[in-house]
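See below for the structure under consideration.
Indexing begins at 1, ligand by ligand and atom by atom, following the structure's order.
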Amino acid sequence: MNVHDLSDGGGGVKNPAGETYSGDHALVHEEPLIFERGRTAVCGVDITSVELTADHLGGLERTDEIGLPGLSEPEAVRHYVRLSQMNAAIDTGFYPLGSCTMKHNPRLGEKLARLTGFADIHPLQPQKTVQGALALIAELARWLKELTGMPAVTMTPKAGAHGELCGLIAIRSALDARGDKRRIVLVPESAHGTNPATAALCGFAVKTIRATADGRVDLASLKQAVSSEIVGLMLTNPNTSGLFERDMIAIAEALHAAGAYFYCDGANFNAIMGRVKPGDLGVDAMHINLHKTFSTPHGGGGPGAGPVVFSQRLAPFAPLPLVLHERDGLRLVEYRGEAPDAKPLGRMSAFHGQMGMFVRALAYMLSHGSDGLKQASGDAVLSANYILESLKDVVTAPYEGPCMHEALFDDVFLKGSGITTLDIAKRLIDEGFHPMTVYFPLTVHGAMLVEPTESESKRTLDRFIAVMRAFAAEAKAGNADAFRQAPVFAPRRRLDETAAARKPVLRWTPPG
Ligand SMILES: *Cc1c(COP(=O)(O)O)cnc(C)c1O
C-alpha cells in the first residue's frame with residue numbers, strides 16, 4: 001500500500017512532482033486496510049474496564065487479545081465509504097458488462113424491500129404471521145410462470161448458477177425415477193462457464209457442440225450427438241454471442257425424441273421477456289436471474305436469486321419448500337410426503353429464498369406491467385443494435401447483425417496495432433466507463449461483449465460510441481502507448497489479475 005505516512009513526523013513523506021503529501025487526491029481518498037488504519041492494541045471508544053465478579057463462561061473466556069482494529073465510529077464509517085467510492089457501480093456510471101444485464105435498480109424496489117413487514121420477518125416465524133410475505137412469493141411465482149409459459153417454479157435457488165444446479169438435479173432425479181443411467185450433457189462451445197461446471201458438479205460428463213458460422217448451435221451436429229446416452233442440452237437463448245437461437249423447437253424435438261431434457265440458461269431473458277415464452281419452445285427447465293432481468297441488485301443485500309421454472313415432466317421433482325394455496329390461507333410444505341404428488345429432490349437452501357430480492361422483482365414487474373416489461377426487452381435490444389450499428393464500420397463484429405440485447409465485437413480491427421482487447425478495457429476505465437465483458441465468449445478472438453440494457457439514455461450511448469470511435473482512430477494511427485499505460489486516472493493502475501485470482505491474499509497478517 002502506497003500511503004505516504006505523515007504520522008511519523010514527516011519522515012516517510014515522499015512528494016514526487018504532481019503527487020500529494022497525503023496520498024489523497026482531492027475527493028478521491030487513498031485508503032489502507034482497516035487493520036493498517038486502526039491499531040489492534042487500542043480501542044476506538046473509551047470504556048472503563050469492568051471488574052468481573054461472576055461470569056457464566058465456565059473458564060472458556062478469551063484470554064488473548066481479540067485483534068480487531070481499534071477505530072472510532074467516524075473512522076470506521078470513513079473507511080467503508082472511501083472503499084465504496086473506489087468501486088465502479090451501476091449508480092455511478094455506464095456499466096455495459098455483457099452477459100450480466102447491469103440495469104438500473106429502481107429506488108421504488110429499494111424502498112419496498114425495506115418495509116418492516118418484509119425486511120424484519122424471520123423464516124421460523126409461525127406461518128400465520130407471514131401470510132403477506134408468502135402471498136408475495138406466490139404472486140411473483142405466478143408472474144414468472146406466466147412470463148415463461150411454464151407450469152411450475154421453485155423460488156429458493158440463490159443465483160443463476162445455483163438455479164442451474166437445481167435444474168440439473170431435477171433432471172437427474174427424473175432419470176433416476178425411471179432407472180435411466182445416461183450421464184452425458186451437451187453444451188455449446190460458446191456457453192457460460194457455469195453450464196459445464198454445473199453439469200460436472202452433478203456427476204455428468206460434458207460434450208461440446210459446435211457453432212455454425214453465424215454463431216448459433218449447429219443443428220446437424222446436435223442431431224448427430226443426441227442419443228440414448230444423452231442427459232440433455234444446456235443452451236442459453238439469446239445465446240452468449242447476443243444472438244437468438246432460431247432452431248429451438250427442432251432442438252427440443254430432437255432431445256425429447258431421444259428421452260433427453262432441454263435445459264435453457266435464462267440469464268439473457270431480459271432480451272425476450274414479454275415476447276417469447278420458453279414454454280412454447282419445448283424447454284424443460286430454465287433459471288431466471290432476478291438480479292439481471294428483474295432489476296434486483298447484483299449481490300445487493302446478500303446473494304441474488306435464481307428461481308427455476310419447470311415443464312410438466314420435471315415439476316414433480318421441484319425442491320422443497322412448496323407453497324400450497326389452501327382454504328384458510330397459504331401453506332408452506334416443508335417435508336417430503338406432505339404434498340401427495342410431489343417427489344421433491346430435497347432442498348436448495350435452508351429457508352424460502354431471498355425475500356428482499358423477491359420484493360424488488362415483483363415491484364419491478366408490477367410497476368412496469370406486462371406492456372412495460374415488453375417495452376423494456378424491446379428497448380434493451382434497440383440499445384444494443386444502436387451500439388452495433390454505430391461502431392461496426394470501425395470496430396469489427398464477428399457476426400452479421402442484427403443482435404439481441406448485447407453487441408459482440410472482436411479484435412480484428414486491432415490487428416498489427418500492438419493494442420489488445422485488454423488495453424481497450426483498461427482505457428475505458430479512464431473515460432469513466434466500466435469496461436465491457438472481454439475475452440468472452442471464447443469462440444470469438446479478443447471478444448468485447450457490450451450490453452447497454454434498456455435503462456441507459458441515448459446521450460450515454462452516444463458518449464460511449466464517441467469514445468470507442470476515438471479509440472479505434474487512435475489504434476489505427478498506431479498510438480499504442482496511450483493504451484498500454486491505461487488506466488492512469490484510476491486509484492490503482494494495472495493489477496496482476498492472474499495472481500490476484502490464483503493467489504488471493506485474503507488475510508491481513510500483523511507486521512513481524
Ligand atoms: C450470469 C450468467 C450465469 C450465472 O448466473 P449467476 O447469477 O451469476 O450465478 C449463467 N449463465 C449466463 C449466460 C450468465 O450470463
Looking only at heavy atoms of Glu164, does any of them come nearer than 4.0 Å to an atom of ligand 1?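 Yes, Glu164 has a heavy atom closer than 4.0 Å to ligand 1.
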Looking at ligand 1, would His298 count as a contact under a 4.0 Å heavy-atom criterion? no
Would you mind checking if [Y] and [X] are paired as a salt bridge, meaning a charged N to carboxylate O distance below 4.0 Å?
| X | Y | answer |
| --- | --- | --- |
| Asp284 | Arg313 | yes |
| Asp91 | Arg107 | yes |
| Asp423 | Arg494 | yes |

Please state whether the rings of Phe464 and Phe94 are parallel, tilted or perpendicular, taking 30° and 60° as the class boundaries. perpendicular
I'd like to know whether the aromatic ring centres of His192 and Phe440 sit less than 6.0 Å apart in this structure.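 Here the rings of Phe440 and His192 have centres that are less than 6.0 Å from each other.
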Quick one: nearest non-hydrogen protein atom to atom 5 (O) of ligand 1, plus distance? Asn289 ND2, 3.0 Å
Which protein heavy atom lies closest to atom 11 (N) of ligand 1, and at what distance to 0.1 Å? Asp265 OD2, 2.5 Å
Can you name the atoms of ligand 1, numbered from 1 with element, that are less than 4.0 Å from a heavy atom of [X]?
| X | value |
| --- | --- |
| Gly160 | 5 (O), 6 (P), 7 (O), 9 (O) |
| Ala159 | 7 (O), 9 (O) |
| Ala267 | 2 (C), 11 (N), 12 (C), 13 (C), 14 (C), 15 (O) |
| Lys292 | 1 (C), 2 (C), 3 (C), 5 (O), 14 (C), 15 (O) |
| Ala161 | 4 (C), 5 (O), 6 (P), 9 (O) |

Between Arg183 and Phe204, is NZ or CZ placed under 6.0 angstrom from the six-membered ring centre and within 45° of the ring axis? no
So, regarding His291 and ligand 1 (criterion: nitrogen or oxygen to nitrogen or oxygen, under 3.5 Å), is there a contact or not?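 Between His291 and ligand 1, an N or O pair is found under 3.5 Å apart.
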Can you find an N/O atom of Thr236 closer than 3.5 Å to an N/O atom of ligand 1?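 No, since none of the N or O atoms of Thr236 sits under 3.5 Å from an N or O of ligand 1.
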Out of Leu97, Leu165, Thr194, Thr101, who is nearest to atom 10 (C) of ligand 1 when you count heavy atoms only?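 Considering heavy atoms of Leu97, Leu165, Thr194, Thr101, the nearest to atom 10 (C) of ligand 1 sits in Thr194.
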Under 3.5 Å donor-acceptor, Arg178 side chain and Asp180 backbone: no
How many angstroms lie between CE in Met150 and CG in Asp280, if you round to the nearest 0.5 Å? 10.0 Å
